[in-house]
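Below: one structure, written as structure tokens.
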Protein chains: 2
Amino acid sequence: MAFRSEILIKLDRKGRVLLPAAFRDELPADDRGAFVLYHSPNVPGIVNGNSRLGFDAMLERLRVEALGPKGSLKAALDDEAFDPAGYLSASARTIAMEPDGRFSLPVEFAQTLEVDEGVMLVGKGDKFQMWNPKRWQARRDSDRAKMATFVRGLSDRSDA
Amino acid sequence: MAFRSEILIKLDRKGRVLLPAAFRDELPADDRGAFVLYHSPNVPGIVNGNSRLGFDAMLERLRVEALGPKGSLKAALDDEAFDPAGYLSASARTIAMEPDGRFSLPVEFAQTLEVDEGVMLVGKGDKFQMWNPKRWQARRDSDRAKMATFVRGLSDRSDA
DNA sequence: GAATTTCCCATGATATCCCATATCATCCCG
DNA sequence: CGGGATGATATGGGATATCATGGGAAATTC
């Protein structure tokens, strides 16, 4: 399971979006037909996506790694303490696809994305993202510069 | 797994390219049939290729290098920080081959390469590259001179 | 019963399958 | 040792399947 590539998908006048075949193929074989969308925890305007399995696995890691094995029990009971996994669950929605891979984008996500006629789907390996195409272009340009800097930095370190 | 030699391959009028047998043989035995292409992180005009395994291994090293072993949870959640592995995933595509080893070159790669009728496939050991033949010739000539200088420099350094 | 959602069919573009050919290296057998 | 036989390789191309998208019609929903 590794989401790759960036694909521009049209939003039709019925509000439907296609999950590209390249991404559908990365969903677990026993759970095609549905996946999870959730708001970015720290960047408004980004919607994240993953298989149900992948999303649940991330929550699990979050519970164990961030809170420790005992913390997860506490999170299950303590309604006062902040629970990051619970927060993400609340911001997430399970999305059922039509047989051809299309789904209707819930308005809450359409709003943060501020989509009009197209959505950019971006593979991030363990998950994918949905972007407003223009905002993605700006982000990609800035990331490209950071990547070049990062690569240059690597060679320096090997000499040191 | 070691990609060697440089091979000129035709691009047919359907946009198909053959992954030469010499390179196909270097793919993992349990994962022939598909591989990964991705844009060079810092040189426009170069397309890199590797097995899925090789690509994923590189991403893994990247994550460790960039974030440290504990950084993976942060990378999975933080949509604001620059994530080199995520950047590469977005610039990559999984390519399925026909049984005879051919694949249709995605337009995004055909564009950066500016190919017309031929692509140069170049083995780089742990990965391979696709080049516009003319650009590759220029690069090879410049590399040849650099290599001679480099080899000459080696003896001095080893004595020091 | 008007708006929304789901199902189904249509279509153009692309990708894939499959068959065909030319070239070359390898093999095999007398 | 020679001369086909064999097989893998690189390429071409027709036929078929899949993909992304549009849109009509039935089924929900409030």
Side-chain angles (χ1 to χ4, degrees), chain A residues 3-27 29 32-35 37 49 93-111 113 115-123 128-133 136, chain B residues 3-27 29 31-37 47 49 52 92-113 115-123 128 130-131 133 136:
Chain A
F3 299 101
R4 310 183 213 280
S5 86
E6 49 194 76
I7 305 172
L8 180 65
I9 291 291
K10 289 216 174 97
L11 184 84
D12 69 20
R13 65 192 65 180
K14 287 179 171 181
R16 290 179 298 186
V17 175
L18 176 81
L19 188 71
F23 288 3
R24 297 201 300 271
D25 292 344
E26 300 303 327
L27 298 176
R32 305 277 160 85
F35 61 98
L37 288 181
R93 283 194 57 175
T94 302
I95 309 287
M97 281 177 283
E98 299 175 38
D100 61 359
R102 282 189 290 192
F103 60 96
S104 44
L105 186 66
V107 282
E108 44 187 311
F109 298 125
Q111 277 171 0
L113 291 173
V115 285
D116 42 313
E117 27 93 273
V119 193
M120 188 63 79
L121 281 282
V122 181
F128 63 88
Q129 291 181 331
M130 301 181 74
W131 282 79
N132 177 304
W136 168 246
Chain B
F3 300 102
R4 306 184 215 284
S5 86
E6 47 194 79
I7 305 171
L8 181 65
I9 291 290
K10 288 216 175 99
L11 184 85
D12 69 20
R13 67 190 64 180
K14 285 179 167 185
R16 289 180 299 186
V17 174
L18 177 81
L19 188 72
F23 288 4
R24 296 201 301 271
D25 293 345
E26 300 304 324
L27 297 176
D31 192 27
R32 304 278 159 86
F35 62 97
V36 175
L37 289 181
V47 173
R52 286 199 268 213
R93 282 194 59 173
T94 304
I95 309 286
M97 280 178 285
E98 301 176 38
D100 60 0
R102 282 188 292 188
F103 60 95
S104 44
L105 185 66
V107 282
E108 43 188 311
F109 297 125
Q111 277 172 0
T112 27
L113 291 173
V115 284
D116 42 312
E117 28 91 273
V119 193
M120 187 63 79
L121 281 284
V122 182
F128 64 87
M130 301 181 74
W131 282 80
W136 167 244

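Per chain, numbering begins at 1; letters A, B, ... match sequence-line order. Since this is a predicted model, take the numbers as computed values, not measurements.
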How many whole angstroms separate atom [atom1] of [X] from atom [atom2] of [N]?
{"X": "K10(A)", "N": "dG22(D)", "atom1": "NZ", "atom2": "C1'", "value": "10 Å"}
{"X": "L8(B)", "N": "dA10(D)", "atom1": "CG", "atom2": "C1'", "value": "12 Å"}
{"X": "D12(B)", "N": "dT11(D)", "atom1": "CG", "atom2": "P", "value": "9 Å"}
{"X": "R13(A)", "N": "dA3(C)", "atom1": "CZ", "atom2": "C1'", "value": "17 Å"}

inquiry  = Is there a side-chain contact between E108(B) and V47(B) in this structure, where contact means two heavy atoms from C-beta onward sitting under 4.5 Å apart?
reply    = no
request  = Give the intermediate values and the outcome of side-chain contact (heavy atoms from CB on, under 4.5 Å) for residues R93(A) and F109(A).
outcome  = CA-CA 10 Å; R93(A) 283 194 57 175; F109(A) 298 125; 4.1 Å; yes
task = Sugar-phosphate atoms are those with a prime plus P, OP1 and OP2; base atoms are the rest. Using that split, label each nucleotide of nucleotides 6-17 of chain C B, S or - for protein heavy atoms under 4.0 Å, 5' to 3'.
result = BBB------SBB
inquiry  = Please list, in numerical order, the residues of residues 17-26 of chain A that have a heavy atom closer than 4.0 Å to any atom of DNA chain C.
reply    = none
Kindly compute the distance separating [atom1] ([X]) from [atom2] ([Y]), expressed to the nearest 0.5 Å.
{"X": "R16(A)", "Y": "E98(A)", "atom1": "CZ", "atom2": "CD", "result": "5.5 Å"}
{"X": "F103(B)", "Y": "F35(B)", "atom1": "CZ", "atom2": "CZ", "result": "4.0 Å"}
{"X": "E6(A)", "Y": "W131(A)", "atom1": "CD", "atom2": "CH2", "result": "11.0 Å"}

key: M120(B)/L8(B) under side-chain contact (heavy atoms from CB on, under 4.5 Å): CA gap, chis, key distance, verdict   = CA-CA 4 Å; M120(B) 187 63 79; L8(B) 181 65; 4.1 Å; yes
request  = For the pair D100(B) and R102(B), find out whether any cationic side-chain nitrogen is under 4.0 Å from an anionic carboxylate oxygen.
outcome  = yes
query = M130(A) and side-chain contact (heavy atoms from CB on, under 4.5 Å): which partner among I9(A), L105(A), V122(A), L19(A)?
reply = L105(A)
